[in-house]
Q: 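After the structure tokens below, expect a handful of questions from me.
Remember, it's a predicted structure, so these values are computed and weren't measured experimentally.
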Amino acid sequence: MRTKDVAERAFAMPLTNPSYPKGPYRFVNREFFTITYRTDPDILRRLVPEPLQIPEPLVKYEFIRMPDSTGFGDYTESGQVIPVTLDGIAGSYSHSMYLNDEAPIAGGREIWGFPKKLADPSLTVIKDTLVGTLDMGGIRVATGTMGYKHRELDHDTVLRSLDAPNFLLKIIPHVDCTPRICELVRYFTTDVTLKGAWEGPARLQLFHHALAPVADLPVIEVVSAVHLIADLTLGLGEVVHDYLA
């Protein structure tokens with residue numbers, strides 16, 4: 001293989017057999033179960049990088065089913081998203097993500113900088129209860145429950161919330177383990193078709209685990225919970241701050 005061929009073919013690793021295809025990435029019947037809770041503001045400030053700001057000490061714990069996603073297949077995800085602002089504009093910062101599929105782990109980390117790790121999340125309906133769980137190595141890390149479809153939410157309000165920017169801290173190491181890339185990345189979801197949105201009573205339990213420390217952001221009070229089903233496209237990102245510049 002000639003030198004110029006390497007540069008022309010390079011998209012993702014491995015060179016001759018990438019773990020995922022090029023985007024755009026469309027998700028069909030993507031199902032969200034999100035519990036918003038109040039946490040310790042001092043801990044939150046230590047975890048959210050500048051220049052992002054924290055308007056309130058809130059965390060959104062998510063369980064997401066993705067049964068049909070371009071190039072990534074059928075998988076489930078769970079993790080924590082923190083409401084933030086940048087230059088006065090409200091958005092969300094992805095703090096932790098755990099999922100059970102190699103392609104979106106590799107693609108999410110390499111393209112955008114999603115903080116993805118391998119684990120075993122699930123999202124199911126058990127009789128009258130929506131149940132989200134996260135296990136790692138056979139050990140329970142999180143359990144969320146919500147009354148199934150108790151009250152329908154206003155679709156226009158939910159769609160506006162899905163228009164907000166999302167932020168990621170992308171870190172790619174050099175061969176000597178110093179940071180080669182260290183950037184704050186912003187992305188948006190687009191072409192959203194909301195198929196359903198509900199709220200209901202919810203509870204969240206987080207358990208301590210050395211390699212999945214979601215309980216480091218303790219649950220002080222559950223504020224709200226929503227259950228959404230939507231089709232959407234995961235947009236590519238843009239760099240809004242370079243920590244190495």
Side-chain angles (χ1 to χ4, degrees), residues 19-20 25-37 39 47 58-83 92-127 129-149 162 166 168-169 187 189 195-198 200 202-219 222 224-232 234:
S19 296
Y20 49 90
Y25 303 95
R26 183 70 177 168
F27 294 80
V28 177
N29 292 328
R30 181 165 170 157
E31 186 173 12
F32 300 81
F33 172 26
T34 304
I35 301 173
T36 301
Y37 70 91
T39 192
L47 296 177
L58 298 176
V59 178
K60 294 180 180 292
Y61 197 95
E62 296 183 332
F63 302 92
I64 308 175
R65 273 289 297 132
M66 285 158 280
D68 182 352
S69 57
T70 305
F72 296 148
D74 179 350
Y75 65 103
T76 306
E77 186 169 271
S78 181
Q80 291 161 309
V81 174
I82 299 169
S92 298
Y93 169 68
S94 294
H95 170 63
S96 65
M97 308 181 85
Y98 302 90
L99 55 157
N100 57 358
D101 184 359
E102 191 270 341
I105 291 176
R109 290 169 65 110
E110 292 174 9
I111 299 173
W112 297 272
F114 280 103
K116 295 177 181 284
K117 297 181 74 172
L118 181 65
D120 296 298
S122 70
L123 178 57
T124 58
V125 179
I126 301 177
K127 300 186 184 301
T129 308
L130 184 65
V131 180
T133 63
L134 173 62
D135 294 347
M136 195 171 203
I139 298 172
R140 178 58 46 88
V141 177
T143 301
T145 55
M146 174 181 168
Y148 187 68
K149 295 185 178 180
L162 295 175
N166 303 277
L168 303 160
L169 182 58
Y187 76 94
T189 54
K195 297 181 174 180
W198 305 269
R203 294 293 183 270
L204 177 65
Q205 294 175 287
L206 303 179
F207 305 96
H208 289 283
H209 190 296
L211 301 183
V214 295
D216 285 1
L217 285 168
V219 179
V222 171
S224 64
V226 297
H227 175 207
L228 312 177
I229 300 176
D231 299 345
L232 57 86
L234 178 59

Q: Within the 3.5 Å criterion, strictly below it, is a donor on Ser96 or Gln80 matched to an acceptor on the partner's side chain?
A: yes
Q: Should we count CZ of Arg26 as having more than 12 external heavy atoms under 6.0 Å?
A: yes
Q: Would you mind reporting whether Pro115 and Leu168 have side-chain heavy atoms less than 4.5 Å apart?
A: yes
Q: Identify whether the distance between the nearest side-chain nitrogen and carboxylate oxygen of Asp74 and Arg65 falls below 4.0 Å.
A: yes
Q: Would you name the heavy atoms of Tyr25 and Ile111 that are closest together and state the gap between them?
A: OH-CD1, 3.6 Å
Q: Give the intermediate values and the outcome of side-chain contact (heavy atoms from CB on, under 4.5 Å) for residues Val125 and Val131.
A: CA-CA 6 Å; Val125 179; Val131 180; over 6 Å; no
Q: Within the distance-only criterion (no hydrogens, no angle test), does the side chain of Thr129 pair as donor or acceptor with the backbone N or O of Gly147 below 3.5 angstrom?
A: no
Q: Show your reasoning for whether side-chain contact (heavy atoms from CB on, under 4.5 Å) applies to Ile35 and Arg203.
A: CA-CA 8 Å; Ile35 301 173; Arg203 294 293 183 270; over 6 Å; no
Q: Rounded to the nearest 0.5 Å, what separates atom NZ in Lys60 from atom CD1 in Ile82?
A: 11.5 Å
Q: Considering non-hydrogen atoms only, spot the tightest contact between Phe33 and Leu130 and give its length.
A: CG-CD2, 3.6 Å
Q: Between Tyr37 (side chain only) and Leu217 (backbone N and O only), is there a donor and an acceptor less than 3.5 Å apart?
A: yes
Q: Walk me through it: do Ser78 and Tyr61 pass the test side-chain contact (heavy atoms from CB on, under 4.5 Å)?
A: CA-CA 8 Å; Ser78 181; Tyr61 197 95; 2.9 Å; yes
Q: Identify the two heavy atoms, one from Thr189 and one from Leu232, that lie closest to each other, and give their separation to 0.1 Å.
A: CG2-CD1, 4.1 Å
Q: Are side-chain heavy atoms of Tyr93 and Leu169 found at a separation under 4.5 Å?
A: yes
Q: Between Ala197 and Leu228, which heavy-atom pair has the shortest distance, and what is it?
A: CB-CD2, 3.4 Å
Q: Side chain of Thr39, backbone of Pro218: donor and acceptor closer than 3.5 Å?
A: yes
Q: What are the two closest non-hydrogen atoms of Ser94 and Val81, and how far apart are they?
A: OG-CG2, 4.2 Å
Q: Nearest 0.5 angstrom please: Thr34 OG1 to His227 NE2, how far?
A: 9.5 Å
Q: Any side-chain heavy-atom pair from Leu234 and Phe114 closer than 4.5 angstrom?
A: yes
Q: Could you measure the distance from the CG atom of Leu134 to the CD atom of Glu77? Nearest 0.5 Å is fine.
A: 10.5 Å
Q: Could you tell me whether Arg140 atom CZ has more than 12 heavy atoms of other residues or ligands within 6.0 Å of it?
A: yes
Q: With rounding to the nearest 0.5 Å, note down the distance linking CG in Leu123 to CZ in Phe63.
A: 8.0 Å
Q: Under a 4.5 Å cut-off applied to non-hydrogen side-chain atoms, are Leu118 and Met136 in contact?
A: no
Q: Take Trp198 and Ile229 through the side-chain contact (heavy atoms from CB on, under 4.5 Å) test and state the conclusion after the steps.
A: CA-CA 9 Å; Trp198 305 269; Ile229 300 176; 4.2 Å; yes
Q: Could you measure the distance from the CD atom of Glu31 to the CD1 atom of Ile64? Nearest 0.5 Å is fine.
A: 10.5 Å
Q: Please work out which of the three classes, parallel, tilted or perpendicular, describes the rings of Tyr75 and Phe27, given edges at 30° and 60°.
A: perpendicular
Q: What residue among Thr76, Ile105, Asp135 forms side-chain contact (heavy atoms from CB on, under 4.5 Å) with Asn100?
A: Thr76
Q: About how many Å separate OH of Tyr98 and NZ of Lys117, when rounded to the nearest 0.5 Å?
A: 5.5 Å
Q: Restricting to non-hydrogen atoms, name the atom on Met146 and the atom on Gly200 that form the minimum distance, rounded to 0.1 Å.
A: CE-N, 3.3 Å
